Number of protein chains: 2
Amino acid sequence: MTTDRSAGRVRLKDVADLAGVSMKTVSNVVHDYEHVSAAMRTKVQSAIDELGYRPNLTARRLATGKTGMIALAIPEIDQFYFAEMARYIGEEAGRHGYRILVEQTLNDVEAERAVIRDREEGLVDGVIFHPARIDTLEIARLRPGTPLVLLGEAARPLNTDHVMIDNTRAARDGVEMLLRAGRTRIAFLATVRGDITESTHLRLLGYQEALLAAGLELDPRLVLQSDGFSIEDGVRALASAVESGVAFDAVLCRDDLFAMAALRALGQAGLRVPADVSVLGWDDTAVARYSTPALSSISPDKRALAATAFALLEDRMQGYDGIGRHEIVPHSIAERATT
Amino acid sequence: MTTDRSAGRVRLKDVADLAGVSMKTVSNVVHDYEHVSAAMRTKVQSAIDELGYRPNLTARRLATGKTGMIALAIPEIDQFYFAEMARYIGEEAGRHGYRILVEQTLNDVEAERAVIRDREEGLVDGVIFHPARIDTLEIARLRPGTPLVLLGEAARPLNTDHVMIDNTRAARDGVEMLLRAGRTRIAFLATVRGDITESTHLRLLGYQEALLAAGLELDPRLVLQSDGFSIEDGVRALASAVESGVAFDAVLCRDDLFAMAALRALGQAGLRVPADVSVLGWDDTAVARYSTPALSSISPDKRALAATAFALLEDRMQGYDGIGRHEIVPHSIAERATT
DNA sequence: GTTGACATTTACAGCGCTATAGATTAGCGT
DNA sequence: ACGCTAATCTATAGCGCTGTAAATGTCAAC
């Protein structure tokens, strides 16, 4: 057995020559094509083994026009939520013979535009994109030739497929759970200065709807404001509410990070969780399981999100070219120790 | 302006025909080749714009033999440490004109073998691989044709490039810091049943060295044992130590996850952190910044890790074929509220 | 021994782009 | 004008694989 890895790579042609057959026959063996005689299969296979042949994927792609890859464009791979989505989408794609190319947009508008503008032309068969900055109009305008499915609530152009959970409904569910547990002064942490995404808004809306539906009055002082997305910003937002004397017995947080901020701020203020104040996070990321006390969190069904997004994309990759489909995926509430 | 996206894609040839020039000239314009007259450049560019031409990356790759992509093979993308490494490596690669393909091995031996065996033949120019299950010997034996750089301490074959921090030294540094703060009964959380990786062992070694160097006796009861890698396992390990009456005033944890477990177990046992017990994590992942109290953690220089790994890989991709280089990257200790 | 009807196998034209070698044009000194 | 070098541009042969159409084999039935 000669496995020559040093010299120029072994080509399909080399195998064909050694086995004394045509290239197509080798190709057939490689692809387990059914109409190949057993003898031929054996002969070719041993030539393959002898030379250590391995198909060149790039050439295959050029010939077939299929790359077997999809791009996953997300703001930051090291944010828990996106990392988890990357995992699930990667697994789902893998099950269907696709692999994923992770593209970080790092919240940069230009990077997001590049994603929409067939940036990956001929590199991937489709794109799953969670936009953060770019808006609906622009996506519709730059409408790419490559199959595209959108995630998140930032942008929802009519002509593009889109998957999300019902944020408003989920927020309502969360508040109702808190209400059932006897909490009546529920704060929302937090609207963020300069936040141009839709998520917070939708969640806040659900929060308000639930309160009104329960016959409670909306107290604007309970809708906290944060100067930014960092944990320190969140801590400050909650701490200053406590200092200013606003009373509350529960906090619905726009994401798990702010929930961690709430835990810290409440701890520093000497308030016990959940005895004095319940805390409910959002996204049910790993950090919710790791924190002390373990964080209750609104839990989008991430696997369903991944599976649905992939299914829609696969549909497009197989030629569907109709109007945008907008799918709502289930959510639940992971109850742990903070409520 | 006709931007035809529906029909078959626009090819280089189409642009050449429209502009009335050769394909190579169009290619030259696309690549900003210097020896192209301004007039020609303008003419070709407008043909490109008119047709909405966009190069097919796959074809380019086949022709050049370079893919501009590197694979990052890691156990799980949704583990904080790996997600952060993915981010840094992605950024570093991006700076050098490369993109990354994330490959999750999900701790599966076969998947790891596949990574080593030119799985990505012709798909990527190189591979950065953080093995978890596969061992040194096997990597050496399966030595791939594709440039490869290893991360982590699981495997260190002589013939392959490798980047890591000095784990033993880092553990010693951590223990010394605890010692300087007056702690004398330092526990190690934890050795894990069935753990076949080297990391824990190296860290435990450093822990013991530091203790001995300080003239303290090694108390085997302080080296806790966990049944698995989950947070619950970690909590149980520490809780049972507390119950069995072993006294300690600090815990060095093998990773941030176990540190979170320590925080929870200590909280449940009514011990205060850091007043009664200091807790020092490992990896300095985001969760360390988010927890309450914020976790002190041994901090590998992840950017340096990423940059070094990429540099070694680039070197190989550019033809270096010498012996394996083994680089040690700096670490520090991020001191927060638990020490 | 032939004939169909299939089962196998082959030959080769692309896939879209790059790169080499050669053709053409331009610039300049004399 | 002429010759010569340098700057531009063109023609075309691959890169390694797949898919189509055609060629060849095989086997049962006549």
Side-chain angles (χ1 to χ4, degrees), chain A residues 4 7-45 47-48 51-69 118 120-125 145-146, chain B residues 4 7-45 47-48 51-69 118 120-125 145-146:
Chain A
D4 186 353
R9 299 212 12 65
V10 179
R11 281 138 34 248
L12 186 58
K13 184 73 167 54
D14 301 325
V15 178
D17 288 349
L18 177 63
V21 301
S22 77
M23 289 172 63
K24 184 65 218 240
T25 297
V26 177
S27 174
N28 285 155
V29 170
V30 169
H31 288 281
D32 271 323
Y33 178 63
E34 57 176 337
H35 297 304
V36 177
S37 65
M40 183 62 85
R41 198 178 293 277
T42 313
K43 182 165 68 174
V44 172
Q45 188 57 55
I48 288 176
L51 296 176
Y53 170 70
R54 208 163 292 277
N56 178 314
L57 280 324
T58 300
R60 177 127 91 203
R61 288 171 175 196
L62 180 56
T64 59
K66 303 267 97 200
T67 69
M69 289 216 309
D118 309 312
E120 319 304 352
E121 202 72 66
L123 220 182
V124 297
D125 298 332
T146 308
Chain B
D4 186 354
R9 302 215 5 65
V10 179
R11 283 142 29 252
L12 185 58
K13 183 74 167 53
D14 301 326
V15 178
D17 288 349
L18 176 62
V21 300
S22 77
M23 289 172 64
K24 182 65 217 236
T25 297
V26 177
S27 174
N28 283 156
V29 171
V30 169
H31 288 281
D32 271 322
Y33 179 64
E34 57 175 336
H35 297 305
V36 176
S37 66
M40 184 60 86
R41 197 179 292 277
T42 313
K43 181 165 67 172
V44 171
Q45 189 56 55
I48 288 176
L51 296 176
Y53 170 70
R54 207 164 293 275
N56 177 313
L57 280 325
T58 300
R60 178 126 93 203
R61 289 173 174 194
L62 181 57
T64 60
K66 302 269 98 199
T67 69
M69 290 216 309
D118 310 309
E120 320 304 352
E121 202 71 67
L123 220 181
V124 298
D125 297 332
T146 309

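Lettering of chains follows the sequences in order, A, B, ..., and the numbering in each one begins at 1. Everything quoted here is computed from the prediction, not taken from an experiment.
With hydrogens and angles disregarded, no donor-acceptor distance shorter than 3.5 Å links the side chain of A/D17 to the backbone of A/D14. At distances below 3.5 Å, at least one donor-acceptor pair connects side-chain atoms of A/D125 with backbone N or O atoms of A/T67. Proximity of a side-chain donor or acceptor of B/S27 to a complementary backbone N or O of B/M23 within less than 3.5 Å is not detected.
The side chain of A/S37 sits closest to C/dT9 out of C/dC17, D/dC15, C/dT9. Side-chain atoms of A/S22 lie closest to C/dT10 of the nucleotides C/dT18, C/dT10, C/dG16. When the nucleotides C/dT10, C/dG16, D/dT12 are ranked by their closest atom to the side chain of B/M23, D/dT12 comes out on top. The side chain of B/R60 approaches C/dT18 more closely than any other nucleotide in the set C/dT9, D/dC17, C/dT18. Residue A/A63 places its side chain closer to C/dC15 than to any other of C/dC17, C/dT18, C/dC15. When the nucleotides C/dG14, C/dT9, C/dC17 are ranked by their closest atom to the side chain of A/M40, C/dT9 comes out on top. In this structure, the nucleotide among C/dC17, C/dT10, D/dC17 sitting nearest to the side chain of B/P55 is C/dC17. Nearest to the side-chain atoms of A/T25 among the listed nucleotides D/dC17, C/dT18, C/dT9 stands C/dT9.
Taking only side-chain nitrogens and oxygens, B/H35 never comes nearer than 4.0 Å to OP1 or OP2 of D/dA7. Regarding contacts with the backbone of C/dT18, a side-chain N or O of B/H31 is found under 4.0 angstrom from either OP1 or OP2.
B/R9 places its CZ atom 13 Å from the C1' atom of C/dC17, with the value rounded to the nearest Å. Here the P atom of nucleotide C/dC17 and the CG atom of A/L62 are 9 Å apart, to the nearest Å. Atom-to-atom, CZ of A/R11 to P of D/dG14 comes out at 11 Å; the value is rounded to the nearest Å. Atom pair A/K13:NZ and C/dC12:C1' shows a separation of 12 Å (rounding to whole Å applied). A/L12 places its CG atom 16 Å from the P atom of C/dC12, with the value rounded to the nearest Å. Going from atom CG of B/D17 over to atom C1' of D/dT10 covers 13 Å, rounded to whole Å. Separating the CG atom of A/N28 from the P atom of C/dT10 is a distance of 9 Å, rounded to the nearest angstrom. Note: CG (B/L51) to P (C/dG16) measures 14 Å, nearest angstrom.
Between A/E34 and A/K24, the one whose closest nucleotide on DNA chain C sits nearer the 5' end is A/E34. Ranked by how close their nearest DNA chain D nucleotide is to the 5' end, B/Y33 and A/N56 are led by B/Y33. Between A/V30 and B/V36, the residue anchored closer to the 5' end of DNA chain D is B/V36, taking for each the nucleotide with the nearest heavy atom.
Among the heavy atoms of the strands lying under 4.0 Å from B/Y53 are primed sugar atoms or P, OP1, OP2 only; no base atom is included.
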Item to check | Trace of the side-chain contact (heavy atoms from CB on, under 4.5 Å) decision for B/K43 with B/V21 | outcome: CA-CA 9 Å; B/K43 181 165 67 172; B/V21 300; 4.0 Å; yes
Checklist entry - Does the side-chain contact (heavy atoms from CB on, under 4.5 Å) test come out yes or no for A/N28 and A/H35, once each step is laid out? => result CA-CA 8 Å; A/N28 285 155; A/H35 297 304; over 6 Å; no
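Annotation for B/V26 and B/V44: closest pair CA-CG1, 3.9 Å, computed over non-hydrogen atoms.
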